[in-house]
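As the structure lists them, so they are numbered: ligands from 1, and atoms in each ligand from 1.
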Amino acid sequence: MANQKTSNRKKEHIEICLTKDVAFKKSNGFDNYEFPHYAITEVDFDKINLSTKFFEKKINYPFIISCMTGGTSEAERINEKLAIVASELKIPIGVGSQRQALENDSFRSSYNIVRKNAKDVPVLGNIGAAQVASSKKIVDDIKFLIDLIQAEAMVIHLNPLQELFQKEGEINFRGLRKNLEKVISKISTPIIVKEVGSGISKEVAKELLEIGVSGIDVAGAGGTSWAAVELIRNKKENQFFKEWGLPTSYCVRTVAKLKKDYKFLLISSGGINDAVDIAKSISLGADLTASARIILKEIMFNGIESTISLINNWFSDVKKIMFLTGSQNIKQLQKVKLLKKSELF
Ligand SMILES: Cc1cc2nc3c(=O)[nH]c(=O)nc-3n(C[C@H](O)[C@H](O)[C@H](O)COP(=O)(O)O)c2cc1C
């Protein structure tokens, strides 16, 4: 049955992400940059402001718990814990693909448990591009998914590489642009488009912004390789495609150039694994950052309190970086011009 398949696949994804090496060998690119040390800083350390906005809602950190799971009973337990973390830190949280919720009502609670436990923070819905492309009633589908979790934004993920290596993958995306346009013209909830680890180029971002999307999450290469995950599921190996994708830092730096012509939220994700990745993302032009697998591992192996500490510790270091680069707030950190390492020697 199709719905059972969706649920099993999600289970296997979690299991593989927790136990196997599915990280890119190549880096997300941030290690090619240095912060310009600002020796004459007058920043008031105790008044550094890390808060920002997710569309209209104020949030405490420029950080999202990225879309991961839903549609299984295990996912429900994970989502509950992740939602408690998001609520405690006052940061947005995404649910994993809501495809299962369109197929039947077995695990709908695995999605709305997030809203139940994260009442005051932005919650992001999620569906794949293949489902958007093939649906004959896409506007109704997306409305239903938004209502299910009272989502502040709906995320549509582009994952052609993953679908290509998935046994049951769907590589027919014909109709995607047309259906995206339909959704955007009929639904007022902001639509964010993300990748899952291969990155969104400036050219693709421009096409999406022309259609009218409100946010781009580049989800670049350098973190979780979804080709690697699917290859493990298929018991196959292919080094070239495991490493396929545009590094996160490259995507952020180039897509940020579109800000002078378009108004949109730029999210940096794909291997965001520490404070340095976060601060460099923002200095390259990101409004927000997001992480997936590192958060999943922390919550599963070490629990809620430890995950809260991990994120708080990251931002405690981001604060130090802000002090040393002369940034009193996130807007000022966005103006810091990173140095290419090659310029330093
Ligand atoms: C277990 C797991 C499940 C995921 N499921 C989804 C999903 O349903 N929808 C989606 O847009 N992205 C999904 N992702 C991708 C992440 O949102 C993210 O784009 C990607 O893993 C890169 O980020 P990372 O390097 O921090 O893991 C999933 C990630 C993980 C680890």
Any heavy atom of Gly270 closer to ligand 1 than 4.0 angstrom?
yes
Under a 3.5 Å threshold, yes or no: a donor from one side chain and an acceptor from the other, between Gln162 and His157?
no
Between Tyr262 and Lys206, is there a cation-pi geometry (under 6.0 Å to ring centre, at most 45° from the normal)?
no
ILVMFWY cluster, Val255 and Ile191 together (side-chain gap under 4.5 Å):
yes
Can a donor-acceptor pair be found between the side chains of Lys320 and Ser316 at a distance below 3.5 Å?
yes
As an exercise, identify every atom of ligand 1 less than 4.0 angstrom from a heavy atom of Gly96.
8 (O)
Of all the atoms in ligand 1, which lie at a distance below 4.0 Å from a heavy atom belonging to Ser66?
17 (O)
Using a plain distance cutoff, I'd like to know if Trp226 has any nitrogen or oxygen under 3.5 Å from a nitrogen or oxygen of ligand 1.
yes
Just to be sure I'm reading this right: ignoring hydrogens, which of Lys11, Lys194, His157, Met68 gets closest to atom 12 (N) of ligand 1? Compare them by their nearest heavy atoms.
Lys194
Return the closest protein heavy atom for atom 9 (N) of ligand 1 as residue, atom name and distance.
Asn126 OD1, 3.1 Å
Report yes or no: is the cationic atom of Lys319 (NZ for Lys, CZ for Arg) under 6.0 Å from the centre of the six-membered ring of Phe45, at an angle within 45° of the ring normal?
yes
Provide the number and element of each atom of ligand 1 under 4.0 Å from a heavy atom of Gly223.
25 (O)
Of Ala292, Cys17, Cys67, which has the heavy atom at the shortest distance from atom 17 (O) of ligand 1?
Cys67
Using a strict 4.0 Å cut-off to heavy atoms of Lys10, name the atoms of ligand 1 that fall inside it.
5 (N), 6 (C), 7 (C), 8 (O)
Which atoms of ligand 1 sit under 4.0 Å from any heavy atom of Ser291?
26 (O)
Is a donor from one side chain sitting under 3.5 angstrom from an acceptor on the other, for Ser109 and Glu76?
yes
May I ask you to check whether Asp287 and Gln334 show a side-chain donor-acceptor distance below 3.5 Å?
yes
Anything under 30° is parallel, anything over 60° is perpendicular, the rest tilted; go ahead and classify Phe315 against Tyr61.
parallel
For ligand 1, is there an atom lying under 4.0 Å from some heavy atom of Val196?
yes
Just need the protein heavy atom nearest to atom 1 (C) of ligand 1, so name the residue and atom and give the distance.
Leu296 CD2, 3.8 Å
A student comparing Thr69, Ile14, Thr224, Thr289 should find that the heavy atom closest to atom 27 (O) of ligand 1 comes from Thr224
No-hydrogen, no-angle side-chain donor-acceptor test under 3.5 Å, Ser269 and Asp217
yes
Among Ser97, Gly222, Gly271, the residue with a heavy atom nearest to atom 8 (O) of ligand 1 is Ser97
